[in-house]
K.L.:
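Below you'll find the structure I mean.
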Amino acid sequence: GHAGTVPMLGRRDSVAAAAEMIVMIERRCGGGNHTLSQHIDPEEMLVCTVGEVRVWPGASNVISGNTNITIDIRARRSEVRLSAVDDVMASITEQCDIIRKHDAEAVESDPNLTQQLVAAATTSMNILRQRKESSKHGAGDEGGGAEASEEAEGPESPVLVSGAGHDAMAMAHLTNVAM
């Protein structure tokens, strides 16, 4: 309908419905409910993204009759992801049609590979830290390398949960994976 002739009470604006869904998805997934300083349990990590919003007909003076959104829900554990998917689906099926394009189980990083990556990153950071200290004191690099880095004090590299699973999902059935 035309924006100027259809009363507000008579409208079924798909953009308004999509906006409500986007806010619901953000709330369900914890968006805005925590500060960066709070620790989030990696086992419960959940990310939800509305990455695309397409409005038809997309004219400023026409009430939208069709709005398409894409929703990407990821978690370290499949149970966490599936719970969020179920909640989102239950909320939005009342208002719209759904086309599920892709659904993939979470892929767990191999603990041994992860520990090897942590050790390599920690060693590298210690070498860089040692070289930085040496350059402050005017000493050249005496070839300290990895042996010297083991003596350097520094925190272990953190293990982060990665929702970037496209490569891991494709390879996990062939070999162990870690990021």
K.L.:
If I take atom CE from residue Met8 and atom CG from residue Asp13, how far apart are they, to the nearest 0.5 angstrom?
P.N.:
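Spacing of CE (Met8) from CG (Asp13) equals 7.5 Å.
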K.L.:
Drop me the distance from Cys48's SG to Arg27's CZ, to the nearest 0.5 angstrom.
P.N.:
14.0 Å
K.L.:
Please confirm whether the backbone N or O of Ala119 pairs with a side-chain atom of Thr122, one donor and one acceptor, at under 3.5 Å?
P.N.:
no
K.L.:
Once rounded to the nearest 0.5 Å, what's the spacing between atom OG1 of Thr70 and atom CD of Glu52?
P.N.:
5.0 Å
K.L.:
Tell me whether Met24 is reachable from Val15 by hopping between hydrophobic residues (I, L, V, M, F, W, Y) whose side-chain heavy atoms are closer than 4.5 Å.
P.N.:
yes
K.L.:
Quick one: closest heavy-atom pair of Leu113 and Asp110, and the distance?
P.N.:
N-OD2, 2.9 Å
K.L.:
In residues 82-90, what donor-acceptor pairs under 3.5 Å come from side-chain atoms, sequence neighbours left out?
P.N.:
from	atom 1	to	atom 2	distance (Å)
Ser83	OG	Arg28	NH2	3.1
Asp87	OD2	Arg28	NE	2.6
Asp87	OD2	Arg28	NH2	3.2

K.L.:
Look at the side-chain heavy atoms of Ile, Leu, Val, Met, Phe, Trp and Tyr, link any pair under 4.5 Å apart, and say whether Val23 and Val53 land in one connected group.
P.N.:
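No, no single cluster joins them.
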K.L.:
So that I can tick it off, tell me whether Arg131 and Glu133 are bridged by a salt bridge, with the cut-off set at under 4.0 angstrom between side-chain N and carboxylate O.
P.N.:
no
K.L.:
Treat each ILVMFWY residue as a node, draw an edge where side-chain heavy atoms are under 4.5 Å apart, and state whether Val118 and Met125 are in one component.
P.N.:
no
K.L.:
Verify the neighbour count for atom CZ of Arg11: are there more than 12 heavy atoms of other residues, nucleotides or ligands below 6.0 Å?
P.N.:
yes
K.L.:
Identify which one of Ile73, Thr49, Val50 satisfies the side-chain contact (heavy atoms from CB on, under 4.5 Å) criterion when paired with Ile25.
P.N.:
Val50
K.L.:
Has the side chain of Arg81 got a donor or acceptor atom that lies under 3.5 Å from a matching backbone atom of Leu46?
P.N.:
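No.
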K.L.:
Show which side-chain atoms of residues 169-179 pair as donor or acceptor with protein atoms under 3.5 Å away, not counting sequence neighbours.
P.N.:
from	atom 1	to	atom 2	distance (Å)
His173	ND1	Ala170	O	3.2

K.L.:
Taking all non-hydrogen atoms of both residues, which atom of Ser64 and which atom of Pro57 are closest, and how far apart?
P.N.:
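Smallest interatomic distance, heavy atoms only, reads CA-CD, 4.2 Å.
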K.L.:
Hey, could you give me the CG/CG distance between Leu117 and Asn112, rounded to the nearest 0.5 Å?
P.N.:
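Here the rounded value is 11.0 Å.
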K.L.:
Calculate, to the nearest 0.5 Å, the distance between atoms OG and CE belonging to Ser14 and Met21 respectively.
P.N.:
8.5 Å
K.L.:
To the nearest 0.5 Å, tell me how far Arg129 CZ sits from Asn126 CG.
P.N.:
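Reported value, rounded in 0.5 Å steps: 5.0 Å.
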K.L.:
With a 4.5 Å cut-off on side-chain heavy-atom distances among I, L, V, M, F, W and Y, is there a chain of contacts connecting Val55 to Ile63?
P.N.:
no
K.L.:
Looking at Glu108 and Arg76, is any side-chain nitrogen of the basic one under 4.0 Å from a carboxylate oxygen of the acidic one?
P.N.:
yes
